[in-house]
A.B. asks: 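Next up is a structure, given as structure tokens.
Worth knowing before you read on, the calculation uses all heavy atoms, side chains too, and leaves out hydrogens, waters and symmetry mates. In this text, all values refer to a predicted model and were calculated from it rather than measured experimentally.
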Amino acid sequence: APYARFYDDQPGALSAIDDVLGDLPRLSLMATEVGAIFDDVPLANLLVAEVAEAPALCVADWDGTLFHKSAPDRTLRSLAAFQKYPARVVCTARTVPDIREALARHGVEVNWIVGCSGAVVADAQGSTLWQVPLHGQFPGMQEIVADGVVVQAHGPVGLAPSEAGWRVETYQGTAFVSRWEASKLRAVLRLLRHAEWHGRVRAFGDGRYDEELLTWFDGTLVRPESGEGIIRRAQELTHG
């Protein structure tokens with residue numbers, strides 16, 4: 001996170017202090033998310049659910065996790081494992097209409113969709129539950145609109161903002177800009193509260209933009225060479 005720095009040498013720490021003080025109001029505001037993310041209530045609910053072996057909700061990224069473009073067999077196995085879970089969330093950088101088309105092509109049903117890397121959350125029918133509007137001007141970048149609200153901007157990497165306060169993800173040379181508050185983790189935590197979910201949660205992802213989500217939920221990183229992580233974890237539903 002840009003509002004936290006860790007150094008093991010004095011010169012580096014002193015330099016970091018100067019950097020933080022130069023943008024203290026913005027960074028301090030961003031740091032307030034720690035209280036929202038590391039809240040005792042959802043953490044306690046997950047602990048109780050694990051002890052009670054409650055039903056599990058699966059949160060999975062799409063590209064590289066469930067869908068493997070160059071390996072159709074792996075896609076079929078991953079989707080079959082995904083659909084064993086009683087509740088399912090696809091959490092992706094794609095837009096909601098785009099991922100709904102992909103889900104329909106593969107005959108996959110979900111309960112909720114987290115799109116645009118957390119900037120939009122929708123129900124199974126694609127109806128928006130909430131958005132995180134993007135406030136700002138980004139010359140040369142194109143806007144991504146959901147239900148009339150600008151939620152992201154995308155364009156060449158060199159046009160993406162470098163200052164703190166924005167979340168920037170890069171895919172195949174294109175940068176996608178969201179508000180800092182728009183993250184997969186924050187979207188999923190809010191969704192769990194919205195759905196009043198008190199069961200277990202299993203999270204799966206394959207890339208660096210999934211790391212925050214996977215770390216919080218002690219999730220599984222699906223590695224390109226195997227892609228079997230979601231399949232192994234799904235076996236707990238039928239084999240204990």
Side-chain angles (χ1 to χ4, degrees), residues 1-8 16 27 30-39 42-43 45-47 50 56-69 74 78 81-82 85 88-95 99 110 112-121 132 151-152 154 157 160-193 197 200-234:
Y3 48 77
R5 316 286 176 87
F6 300 91
Y7 291 88
D8 57 6
L27 294 175
M30 293 172 65
T32 60
E33 74 172 2
V34 174
I37 292 175
F38 295 98
D39 185 278
L43 288 168
N45 287 341
L46 287 177
L47 178 59
E50 289 293 342
L57 173 148
C58 183
V59 180
D61 175 52
W62 180 254
D63 294 286
T65 301
L66 294 175
F67 174 70
H68 305 275
K69 184 176 182 180
R74 276 173 56 190
S78 297
F82 177 62
Y85 287 88
R88 298 170 299 280
V89 181
V90 166
C91 191
T92 175
R94 296 195 191 199
T95 64
I99 194 63
V110 298
W112 299 281
I113 297 169
V114 174
C116 296
S117 296
V120 182
V121 178
V132 182
V151 294
Q152 282 185 318
H154 69 97
V157 174
S162 57
E163 67 271 16
W166 308 107
R167 194 175 296 274
V168 180
E169 297 184 0
T170 302
Y171 301 95
Q172 300 177 338
T174 299
F176 292 79
V177 182
S178 309
R179 266 178 49 198
W180 180 257
E181 295 85 349
S183 72
K184 288 184 174 182
L185 175 57
R186 293 188 69 161
V188 170
L189 289 175
R190 183 175 174 182
L191 178 58
L192 294 178
R193 293 195 300 270
W197 180 260
R200 292 178 289 175
V201 176
R202 296 291 179 260
F204 301 90
D206 71 295
R208 58 176 174 155
Y209 301 124
D210 300 316
E211 288 178 356
E212 183 183 43
L213 181 72
L214 298 182
T215 299
W216 203 98
F217 286 104
D218 191 24
T220 300
L221 179 67
V222 177
R223 299 189 180 279
E225 61 270 19
S226 67
E228 302 299 315
I230 188 170
I231 298 169
R232 291 196 304 272
R233 292 300 295 270

A.B. asks: How far does CG of Leu46 sit from CZ of Arg200, to the nearest 0.5 angstrom?
C.D. replies: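 Between Leu46 CG and Arg200 CZ, I get 11.0 Å after rounding to 0.5 Å.
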
A.B. asks: Using every non-hydrogen atom in the two residues, find where Val121 and Ala187 come nearest and quote the distance to one decimal.
C.D. replies: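 Nearest pair, atom of Val121 first, then Ala187: CG2-CB, 3.9 Å.
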
A.B. asks: Apply ring pair (Phe, Tyr, Trp, His ring centres under 6.0 Å) to Trp62 and list each qualifying residue two or more places apart in sequence or on a separate chain.
C.D. replies: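 Residues passing ring pair (Phe, Tyr, Trp, His ring centres under 6.0 Å) with Trp62: Phe67, His106.
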
A.B. asks: Is Val114 close to Trp112 at the side-chain level, that is, under 4.5 Å between some pair of heavy atoms?
C.D. replies: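 No; the side chains remain at least 4.5 Å from each other.
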
A.B. asks: As an exercise, state the distance from CZ of Arg190 to OG of Ser183, rounded to the nearest 0.5 Å.
C.D. replies: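 The CZ atom of Arg190 sits 12.0 Å away from the OG atom of Ser183.
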
A.B. asks: Between Val168 and Ala175, which heavy-atom pair has the shortest distance, and what is it?
C.D. replies: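 In this case the closest contact between Val168 and Ala175 is CG1-CB, 4.1 Å.
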
A.B. asks: How far apart are the closest heavy atoms of Asp61 and Thr92, and which atoms are they?
C.D. replies: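 Scanning both residues completely, I find the closest heavy atoms to be OD1-CA, 4.0 Å.
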
A.B. asks: Between CD1 of Ile99 and SG of Cys91, what distance do you get to the nearest 0.5 Å?
C.D. replies: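 Reported value, rounded in 0.5 Å steps: 10.5 Å.
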
A.B. asks: Please report the interatomic distance OG1(Thr220) to CG(Asp206), rounded to the nearest 0.5 Å.
C.D. replies: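 Between atom OG1 of Thr220 and atom CG of Asp206 there are 12.5 Å.
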
A.B. asks: For Arg179, give me all partners under salt bridge (Lys or Arg N to Asp or Glu O under 4.0 Å), at least two apart in sequence or on another chain.
C.D. replies: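 By the salt bridge (Lys or Arg N to Asp or Glu O under 4.0 Å) rule, Arg179 matches Glu181.
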
A.B. asks: With a 4.5 Å cut-off on side-chain heavy atoms, are Val90 and Phe82 touching?
C.D. replies: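 Result yes, sub-4.5 Å side-chain heavy-atom pair found.
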
A.B. asks: Can you confirm whether Pro161 sits close enough to Val177 that some side-chain heavy atom of one is under 4.5 Å from a side-chain heavy atom of the other?
C.D. replies: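 Pro161 reaches Val177 side chain to side chain.
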
A.B. asks: When rounded to the nearest 0.5 angstrom, what is the spacing between CG in Asp39 and CZ in Arg193?
C.D. replies: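 It comes to 7.5 Å.
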
A.B. asks: Could you check if a side-chain atom of Leu192 sits within less than 4.5 angstrom of a side-chain atom of Leu57, using non-hydrogen atoms only?
C.D. replies: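 Yes, close enough: below the 4.5 Å cut-off.
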
A.B. asks: Any donor-acceptor pair under 3.5 Å linking the side chain of Trp216 with the backbone of Leu189?
C.D. replies: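 The answer is no, because no donor-acceptor pair under 3.5 Å joins these two groups.
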
A.B. asks: Tell me, do Lys184 and Val59 make a side-chain contact under 4.5 Å, heavy atoms counted?
C.D. replies: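 The answer is no, as the side chains (C-beta and beyond) never meet within the 4.5 Å cut-off.
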
A.B. asks: Quick check on the 6.0 Å ring-centre criterion: do Tyr209 and Tyr171 meet it?
C.D. replies: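 Yes, close enough.
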
A.B. asks: Taking the side chain as C-beta and beyond, is there a heavy-atom pair between Arg186 and Val132 under 4.5 Å?
C.D. replies: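 No, too far: nothing below the 4.5 Å cut-off.
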
A.B. asks: If we ignore hydrogens and angles and just use 3.5 Å, is the side chain of Arg167 paired with the main-chain N or O of Ala182 as donor and acceptor?
C.D. replies: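 It does hold such a pair.
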
A.B. asks: State, to 0.1 Å, how close Cys116 and Ser178 come at their nearest heavy-atom pair, and which atoms those are.
C.D. replies: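 Closest approach of Cys116 to Ser178, heavy atoms only: O-OG, 4.3 Å.
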
A.B. asks: What's the spacing between Phe204 CZ and Leu214 CG if we round to 0.5 Å?
C.D. replies: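 Going from CZ on Phe204 over to CG on Leu214, the span is 9.5 Å.
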
A.B. asks: Mind checking whether Arg94 and Asp63 have side chains closer than 4.5 Å, heavy atoms only?
C.D. replies: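 Heavy-atom side-chain distance check passes, below 4.5 Å.
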
A.B. asks: State, yes or no, whether a side-chain contact exists between Phe217 and Leu185 at a heavy-atom distance under 4.5 Å.
C.D. replies: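 The answer is yes, as the side chains (C-beta and beyond) meet within the 4.5 Å cut-off.
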
A.B. asks: I need the minimum non-hydrogen distance between Ser78 and His68, along with the two atoms involved.
C.D. replies: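 Minimum heavy-atom contact is OG-NE2, 3.5 Å.
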
